[in-house]
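The residues of the chain are indexed from 1 along the displayed sequence. No hydrogens, no waters, no symmetry mates; every other heavy atom, side chains included, goes into these values.
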Amino acid sequence: MKRFDLRHLGEGFYKRMGEIIDTHLIEGEVGIFLFEIGDFANVDKSAQYANSKNCEIMNSVRFNHRDWTLVVRKIPRISKESEAKEAQ
């Protein structure tokens, strides 16, 4: 489990969150991202973005009056392939 503080990036945290998911999290590993809420649309956008990066949302909660915590797990490729086979 790794924790990443992206609050200093303001609303421009998406790109960095994607880079971290791609390069710092291994399959099956959990990452905790802290970011500033700003517009509450950022909460939904961050969850959708993490899903698009092959991550499962484990938790999403308000940390304090201006910060949000998003907990994700990078899904192992084996799981994705198994799901695809089961769907067929």
Side-chain angles (χ1 to χ4, degrees):
M1 184 180 320
K2 296 179 181 174
R3 180 180 174 270
F4 305 96
D5 190 345
L6 306 178
R7 293 177 290 185
H8 64 283
L9 299 173
E11 293 192 20
F13 69 93
Y14 296 105
K15 181 179 178 185
R16 182 66 182 136
M17 186 172 80
E19 291 170 357
I20 290 169
I21 289 170
D22 291 341
T23 61
H24 289 65
L25 291 181
I26 59 173
E27 292 178 354
E29 189 171 30
V30 173
I32 302 169
F33 295 94
L34 275 78
F35 60 91
E36 275 191 30
I37 296 171
D39 178 8
F40 270 99
N42 289 335
V43 174
D44 187 44
K45 287 180 190 176
S46 64
Q48 290 178 13
Y49 186 64
N51 275 330
S52 75
K53 289 290 199 176
N54 197 37
C55 288
E56 169 189 13
I57 307 303
M58 299 180 71
N59 200 351
S60 180
V61 66
R62 192 174 196 162
F63 181 65
N64 58 35
H65 70 281
R66 49 186 293 202
D67 301 323
W68 200 268
T69 302
L70 181 67
V71 181
V72 304
R73 183 178 68 91
K74 193 167 184 179
I75 300 172
R77 291 183 186 179
I78 296 169
S79 295
K80 281 290 203 184
E81 291 170 2
S82 297
E83 288 175 12
K85 287 179 183 176
E86 289 176 14
Q88 294 175 352

| message | Measuring only between side-chain heavy atoms, which start at C-beta, is Leu34 closer than 4.5 Å to Phe63? | response | yes

| query | So how far is it from Glu11 CD to Phe35 CZ, rounded to the nearest 0.5 Å? | reply | 10.5 Å

| field | Nearest non-hydrogen partners of Phe13 and Leu6, listed with the distance | value | CB-CB, 4.0 Å

| remark: Smallest heavy-atom separation, Ala47 atom then Leu70 atom, equals N-CD2, 4.3 Å

| task | Check whether any side-chain heavy atom of Phe33 lies under 4.5 Å from a side-chain heavy atom of Ile21, and answer yes or no. | result | yes

| If you group Ile, Leu, Val, Met, Phe, Trp and Tyr by side-chain heavy-atom gaps below 4.5 Å, do Met17 and Val71 land in one group? | no

| query | Linking I/L/V/M/F/W/Y whenever any side-chain heavy atoms sit under 4.5 Å apart, do Val43 and Met58 land together? | reply | no

| message | Working to the nearest 0.5 angstrom, can you tell me the gap between Asn54 CG and Lys74 NZ? | response | 7.5 Å

| said: Quick check on the hydrophobic clustering: are Val72 and Ile20 connected, directly or via other members, by side-chain heavy-atom contacts under 4.5 Å? | reply: yes

| message | Below 30° counts as parallel, above 60° as perpendicular, anything between as tilted: where do the rings of Phe4 and His24 land? | response | perpendicular

| message | With a 4.5 Å cut-off on side-chain heavy atoms, are Thr69 and Asn59 touching? | response | no

| message | Test: salt bridge (charged side-chain N to carboxylate O under 4.0 Å, His left out). Region: residues 35-49. Which pairs qualify, not counting sequence neighbours? | response | Glu36-Arg66

| field | Arg73 side chain to Ile75 backbone, donor-acceptor under 3.5 Å | value | no

| request: Mind checking the NZ-OH spacing from Lys53 to Tyr14? Nearest 0.5 Å is all I need. | output: 14.0 Å

| field | Set of salt bridge (Lys or Arg N to Asp or Glu O under 4.0 Å) partners for Glu29, sequence neighbours left out | value | Lys2

| said: Test your reading of the model: is there a side-chain donor-acceptor pair from Arg16 to the backbone of Glu19, 3.5 Å cut-off? | reply: no

| said: Under 4.5 Å between side-chain heavy atoms, counting indirect links through other Ile/Leu/Val/Met/Phe/Trp/Tyr residues: same cluster for Leu9 and Phe40 or not? | reply: yes

| task | List in chain and number order the residues that pass salt bridge (Lys or Arg N to Asp or Glu O under 4.0 Å) with Arg7, two or more places apart in sequence or in another chain; answer none if no residue qualifies. | result | Asp5, Asp67

